[in-house]
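Fair warning: this is a prediction, and the values are worked out from it, not measured in the lab. Here is how names work: the chains are called A, B, and so on, in the same order as the sequence lines, proteins then strands, and each is numbered from 1.
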2 protein chains.
Amino acid sequence: MNIQSRSQKSPRTDEEVIRSCGLFRGLDDTQRAVLTSMAVRKRFKQGTPIFVQEEACPGLFVVDHGLVRVFRLAPNGQQHVLHLCGPGQTFAEVAAIGGFALPACADAAQPAGCVMIPTDRLQQELALNHQLCRQLLTGMAFWVRHFVQLLEDIALRDAMGRVTRLLYDSPCDASGRIQLPGAKKDLANHLNLTSETFSRVLRRLAEQGVIEFDQDRSVHVIDAQQLEQLSGQSQNTDQ
Amino acid sequence: MNIQSRSQKSPRTDEEVIRSCGLFRGLDDTQRAVLTSMAVRKRFKQGTPIFVQEEACPGLFVVDHGLVRVFRLAPNGQQHVLHLCGPGQTFAEVAAIGGFALPACADAAQPAGCVMIPTDRLQQELALNHQLCRQLLTGMAFWVRHFVQLLEDIALRDAMGRVTRLLYDSPCDASGRIQLPGAKKDLANHLNLTSETFSRVLRRLAEQGVIEFDQDRSVHVIDAQQLEQLSGQSQNTDQ
DNA sequence: CCGACACCTTGACCTAGATCAAGCCAAAGC
DNA sequence: GCTTTGGCTTGATCTAGGTCAAGGTGTCGG
């Protein structure tokens, strides 16, 4: 529900991709040039694994286009989607910066192109570059806050609360149309729900006239006010 | 289950407290001296609030002695315990470093003494001190990893899995005795369980001969092997 | 010593959401 | 074109864990 007019032109230069990236916002041109000079292009077909957890971290990835699914694999095979990364977002930053093994797996949920900054070069640069260090430190702090939020959602909200919050936080165009990022099953999993429950909750919202489905798999928000209200509260307090 | 012989002498100097702190491990003496020079002592009686979420962050806290409960308050009054901080642990680091409002509340679960490094002075220092910056960056990365772990636990494990993992990760003395940190209700809440469920799971473990209760509210691990096995797997796969 | 109170335990229920199963539809492969 | 495959919906059922209620126990203040 954050109005956003984005026209994604796919083939961008490495420098453009890095500039579009929130984690690097605040760096000046020279700083960005340094990063750009280290950058390596990576391209992944839909469904291909990008890396698996416990491996050494190859580098910090910035998504140019497509969609990357970052998920944690439990010993029994269950998985939990930690993050769906679209253009401008980063993944594997934590391991690249902290210098430890990858805590999660990633694959391409849609055909994806990324810019990668190799771990060792990043580390070299961090050892010298104070401004970059500070920038990433702030970025990391935001990242922790994000996870605290996610934890709260999963711990304190019911299914309806989680879904409405997802919708409320999703970018939409001026007419209130939301393009869901990725498959519903992945979104559901990210919210720690089954796709069945996710589906049922959406139906319930449609029945209550809060949303409508468009033909092209997107969601149209009718009653933004009620959506906000539902997403603001945790647990079911209505009626 | 990590054997640990710690004899906690309560009245420590600020410098000692800061040295004992994991987040600052890796700093040399001069660096630590800088931090020490900024430090402010804080003392809290049991039950008193230390700060509430949404407020500006007063500083980065390091626990000297006692126990601090960091929790997130939902609009409807429910709360979720994010962290129980004992000696040597930090809290409010994220907001102090990132420079934003506090994402959670804190109060003293037991009478507690802390060393606080005020936000503004920390920020000043971060602007200049590259080594400190790098150190905290690594610390932050570990912190994110910790939260990912926590998320996985809550999302992917059942009650038994979460409790056994808590026990397995808790420090014990040489004879396998674990002193539970804080009240059971807080521990249970941290695991996103009710105290009732927590209680039942412990009883079940006792019935299976994995643990025993000591008179002094501590837990004695009998069958460490089985505990490890139970804590290693997610979801119930036995029998 | 006697409440008062907060924590913990235990039992009896109850519900949100998982699981199972069936069917639909669109894209992909042949 | 037909078949396969994978995602999505929907209904019927099951269950882990929450909720409610009733003690039990330890601690504190008087």
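- For A:Ser195, the side-chain atoms get nearest to D:dT9 when compared with the rest of C:dT19, D:dT9, D:dA21.
- Proximity of the aromatic rings of A:Phe61 and A:Phe51 is defined here by a centroid distance below 6.0 angstrom, and this criterion is met.
- To the nearest angstrom, P of C:dT9 lies 13 Å from NZ of B:Lys185.
- Of the candidate nucleotides D:dG18, D:dG7, C:dG17, C:dG17 has the atom lying nearest to any side-chain atom of A:Ala159.
- Two residues are said to be in side-chain contact when any heavy atoms from C-beta on lie closer than 4.5 Å; A:Asp14 and A:Val17 fail this criterion.
- The local environment of CD in B:Glu207 is crowded, with over 12 non-hydrogen atoms from other residues, nucleotides or ligands closer than 6.0 Å.
- Counting any heavy atom pair closer than 4.0 Å across all strands shown, B:Asp186 reaches no nucleic acid atom.
- When each of A:Leu193 and B:Gly182 is assigned the nucleotide of DNA chain C bearing its nearest heavy atom, the one mapping closer to the 5' terminus is B:Gly182.
- No hydrogens or angles considered: nothing links the side chains of A:Gln110 and A:Arg69 as a donor-acceptor pair under 3.5 Å.
- Between the side chains of A:Ser231 and A:Glu228, no donor-acceptor pair is found at a separation under 3.5 Å.
- Between the CG atom of A:Asp158 and the P atom of D:dG17 there is a distance of 18 Å, rounded to whole Å.
- The separation between A:Phe213 atom CZ and D:dT9 atom P is 7 Å, rounded to whole Å.
- For C:dG17, the OP1/OP2 oxygens have no side-chain nitrogen or oxygen of A:Thr197 closer than 4.0 Å.
- Protein atom CZ of B:Phe198 is 16 Å distant from nucleotide atom C1' of C:dT10, rounded to whole Å.
- Put simply, CD1 on A:Ile154 is 16 Å from C1' on C:dA16, counting in whole angstrom units.
- Under 3.5 Å, the side chain of A:Arg200 and the base of C:dT19 form at least one donor-acceptor pair of N or O atoms.
- One interatomic measurement links the two molecules: CD of B:Gln110 to P of C:dC7, which rounds to 13 Å at whole-angstrom precision.
- In the set D:dG17, D:dT19, C:dT19, the nucleotide with an atom closest to the side chain of B:Thr194 is D:dT19.
- Across all strands shown, A:Arg203 has heavy atoms under 4.0 Å from sugar-phosphate atoms exclusively, and none from any base.
- Protein atom CZ of A:Arg204 is 10 Å distant from nucleotide atom C1' of C:dA16, rounded to whole Å.
- The distance from atom NZ of A:Lys184 to atom P of D:dG7 is 13 Å, rounded to the nearest whole Å.
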